[in-house]
Amino acid sequence: MTASLPLFSPDAPEEGATGAPSGHEPQGLLRGLNPEQLAAVTLPAKSALILAGAGSGKTRVLTTRIAWLIQTGQLTPGGVMAVTFTNKAAKEMLTRLGAMLPVPVRGMWVGTFHGLCNRFLRAHWKLANLPQGFQILDSSDQLSAVKRIIKAMNLDDERFVPKQVTWFIAGSKEEGLRPKDVDVRDEQSRVMVQVYQAYEEQCQREGVVDFAELMLRTYELLRDNVALREHYQRRFRHILVDEFQDTNRLQYAWLKMFTGPQTAVMAVGDDDQSIYAFRGAQVGNMTAFEREFGVEQVIKLERNYRSYGNILDAANELISHNTNRLGKNLSTEAGPGEPVRVFEATSDFSEAQWFVDEARQLHRDGMARSDIALLYRSNAQSRVIESALFNAGMPYKVYGGLRFFERAEVKHALSYLRLIENPNDDTSFLRVVNFPTRGIGTRTLELLQDAARASGRSLSQSVTAVPGKGGSNLQAFVALIDAMREATKGLNLRQIIEHMLHESGLLDFYKTDKEGQDRIENLEELVNAAEAFVTQEGFGKDAVALPIDEHAGAIAEGLPKAVASVDLTPDAETGEIMSPLAAFLTHASLEAGDNQAQAGQDAIQLMTVHSAKGLEFDAVFITGLEEGLFPHENSVSDVDGLEEERRLMYVAITRARKRLYLSFSQTRMLHGQTRYNIKSRFFDELPESALRWLTPRNQGFGSGFAREYQSAWAKGSGLGSIVGAGNVAPRNAPASGPVTKSSHGLRVGQSVFHTRFGEGVLVTLEGTGDDARAQVNFGRHGMKWLALSVAKLTPIE
DNA sequence: AGACCTAGTATTTTT
DNA sequence: TACTAGGTCT
């Protein structure tokens with residue numbers, strides 16, 4: 001790492017990433033944890049709530065806890081479930097666990113809510129009343145499915161806007177409501193429920209499930225099947241949930257289904273970072289959890305290892321304006337650092353120009369472009385910035401565009417593959433039946449859909465019912481798909497895809513298309529993705545997406561006979577429970593992939609505040625801090641909305657490690673009109689002492705200061721390094737060597753009983769004979785050092 | 001089938 | 001402004 005300016009001193013150890021793996025012995029794992037982290041990691045096996053502030057090492061706590069429990073023999077890998085929201089977070093956990101544990105992460109249920117549901121339903125497809133190779137609809141598939149229904153039911157799509165209907169369906173499912181459970185108030189909702197009902201029937205007929213269905217099916221199956229529920233409750237001794245503040249009602253209820261009397265659930269979250277209420281997240285789940293899971297003590301992780309003091313002061317002060325918080329204050333030992341810089345621009349254009357200049361300077365002074373991030377409230381704001389960066393010739397990367405598996409050509413290819421796997425997938429059928437064109441027009445398709453509806457069969461099964469030219473074209477299409485299915489039998493995944501790309505005519509189509517080159521590249525990339533998925537490495541690394549439980553057999557064994565054996569029906573020939581193609585298709589729906597493949601480039605990062613959550617950068621620019629934009633005008637009318645905007649701002653601020661810039665503009669082009677804005681109210685909620693205005697305050701309009709902003713590089717700010725702020729080893733890591741067993745017959749990880757403090761877990765053992773001491777985590781009573789010659793510790797089994 | 005035109009609409013988003 | 005969906009015309 002290079003460093004010239006003090007500002008660019010070697011990075012503080014990132015949360016959990018300190019140095020080499022600490023050796024595969026229990027106490028080594030705990031080295032470098034601060035007291036609160038240590039307490040959380042070694043908590044007795046009871047449900048616990050961890051309030052983890054931004055940058056407080058939450059992922060480290062989560063992974064270390066799992067590793068520690070396993071290494072001390074309190075838990076087997078098969079007894080763990082760790083749930084996250086994103087594939088990225090799940091992968092991160094697996095990677096870290098892999099580094100910490102000598103044993104591979106086999107059999108551990110680490111994944112996203114949806115990924116784990118998929119895994120569960122694959123194992124119990126029969127009980128869940130699903131076809132064995134059921135496929136998953138992504139949001140756009142779902143939308144087109146709803147559109148078809150609205151059309152079929154002859155409804156006015158202005159009264160029943162497909163997108164809104166989609167929300168209604170997903171929303172109902174997330175409340176755990178089937179069509180029969182939904183409250184019907186008026187005509188509108190009555191019809192909505194009918195659409196919901198029809199949608200369900202259609203999905204069931206086609207053998208597909210949407211995201212919410214994955215959750216709901218799993219929940220219902222566990223709720224209704226006592227034997228199965230008890231089996232899983234016994235199996236998972238420890239369940240850990242990341243980003244708990246983002247869970248919705250269904251996810252909470254789902255979690256309860258997995259939780260038995262012996263299950264310890266550790267919920268980790270931060271109410272101040274709850275920014276997804278708009279899509280159903282219930283922050284209230286945190287307090288509900290505390291109450292309903294009998295949490296005895298809440299551990300707060302408030303030590304921040306990411307940012308300098310001024311940045312944290314700004315964050316703390318801002319968020320203190322919210323009510324109904326669980327209460328938390330971030331602190332650092334890194335010193336105040338530089339002030340937060342504030343810039344007022346005359347126009348969005350000059351704001352962009354200022355940013356480009358500033359970023360260029362940072363880069364010249366040694367900061368990697370990828371360590372510089374520009375955040376905005378809404379995607380539309382990126383445009384001006386992009387054009388400024390483009391003109392300046394600075395590489396940048398915008399997050400949030402189309403993801404790989406969502407690109408049109410990729411979706412087309414996937415539709416062909418799905419049809420090979422399941423000809424009754426009408427969504428896929430309609431997507432590609434006339435792409436490339438095969439003389440199958442709207443009229444023909446109407447006839448086909450009518451016929452299918454009348455007979456209750458799939459489109460593919462109904463092609464013979466359509467007369468004339470259209471009918472024979474349809475039959476030719478079905479024959480094409482059938483031929484592909486035949487021809488690809490026994491081929492590997494790569495060969496299947498290549499065959500399909502040629503036979504479908506997709507490749508030829510894009511070859512003649514003038515802008516087809518990129519698309520062909522994407523299709524080649526699809527082949528690569530499949531290859532990567534299949535290879536040993538891909539399967540191993542990608543265990544998140546691995547649809548089949550490696551221990552499916554083991555599950556079956558442990559289950560009561562009545563529910564077990566029927567569910568895992570391997571292919572008679574190959575013995576596979578699921579074909580590689582089906583597995584790959586599942587992977588494609590569950591993980592949309594990166595949004596831009598241009599990896600390797602050192603580029604400035606542009607994204608919304610929402611997508612910045614969980615990330616961190618040396619320098620962060622929060623732009624467009626204007627009333628109406630941030631906070632957004634649609635949110636300011638009610639208190640809840642405003643508080644969520646404030647949390648959003650809090651998330652944005654806490655992304656910054658070393659330097660934070662806030663900017664706003666007097667005017668801005670929005671929807672083709674110039675808007676005159678006043679600065680965000682959030683400026684009034686920041687501590688003046690932590691700010692430095694780069695432009696004069698209370699600047700009136702039109703005073704034309706154009707570019708006379710003072711360079712942010714005003715004289716060396718003489719910062720010390722942030723080194724030392726890292727997870728400095730507290731006193732719990734004695735050099736006396738790993739003592740895991742002693743003459744007392746106690747070992748680390750063991751549960752013990754103390755007459756005064758009750759039940760606890762042994763965290764450290766050191767010294768011998770009369771000198772022997774033990775560190776014990778008594779949960780509610782805290783962490784204690786006890787002299788073994790005095791304290792009476794009784795081992796519990 | 002495909003080019004062309006018009007009107008309507010514009011937070012935040014993962015799975 | 002800039003995109004989409006949908007309609008109409010060739």
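Residue numbers begin at 1 in each chain, while the letters A, B, ... track the order of the sequences.
Using a 4.0 Å cut-off between a side-chain N of Lys or Arg and a carboxylate O of Asp or Glu, A:Lys679 and A:Glu626 do not qualify as a salt bridge.
Positionally, the nearest nucleotide of DNA chain B for A:Thr437 lies more toward the 5' end than for the other of A:Thr437 and A:Ser635. Residue A:Arg438 is the one, among A:Arg438 and A:Phe85, whose nearest nucleotide of DNA chain B lies closer to the 5' end (criterion: closest heavy atom).
On the nucleic acid side, DNA chain B contacts chain A at distances under 4.0 Å to non-hydrogen atoms, with the end points of that region at B:dA1 to B:dT15.
For A:Tyr276, the ring pair (Phe, Tyr, Trp, His ring centres under 6.0 Å) criterion is met by A:Phe278, A:His610, not counting sequence neighbours. Evaluation of the side chain to side chain donor-acceptor pair (under 3.5 Å) rule for A:Ser382 yields A:Glu386 as partners, not counting sequence neighbours.
Within the nucleic acid shown, A:Glu174 has no heavy atom closer than 4.0 Å to any nucleic acid atom. Within the 4.0 angstrom heavy-atom criterion, no nucleotide atom of any strand lies near A:Asn248. If you check every strand for non-hydrogen atoms under 4.0 Å, A:Phe113 touches nothing. Counting non-hydrogen atoms under 4.0 angstrom, A:Asn379 reaches the backbone sugars and phosphates but no base.
When rounded to the nearest whole Å, the span between NZ of A:Lys151 and P of C:dA5 equals 12 Å.
Because its glycosidic torsion is within 90° of 0, B:dT11 is reported here as syn.
A donor-acceptor pair under 3.5 Å is absent between the side-chain atoms of A:Glu174 and the main chain of A:Arg249, judged by distance alone. A donor-acceptor pair under 3.5 Å is absent between the side-chain atoms of A:Asn473 and the main chain of A:Ile440, judged by distance alone.
Remark: A:Arg122 is positioned above the aromatic ring of A:Phe134, its terminal NZ or CZ atom under 6.0 angstrom from the ring centre and at most 45 degrees off the axis.
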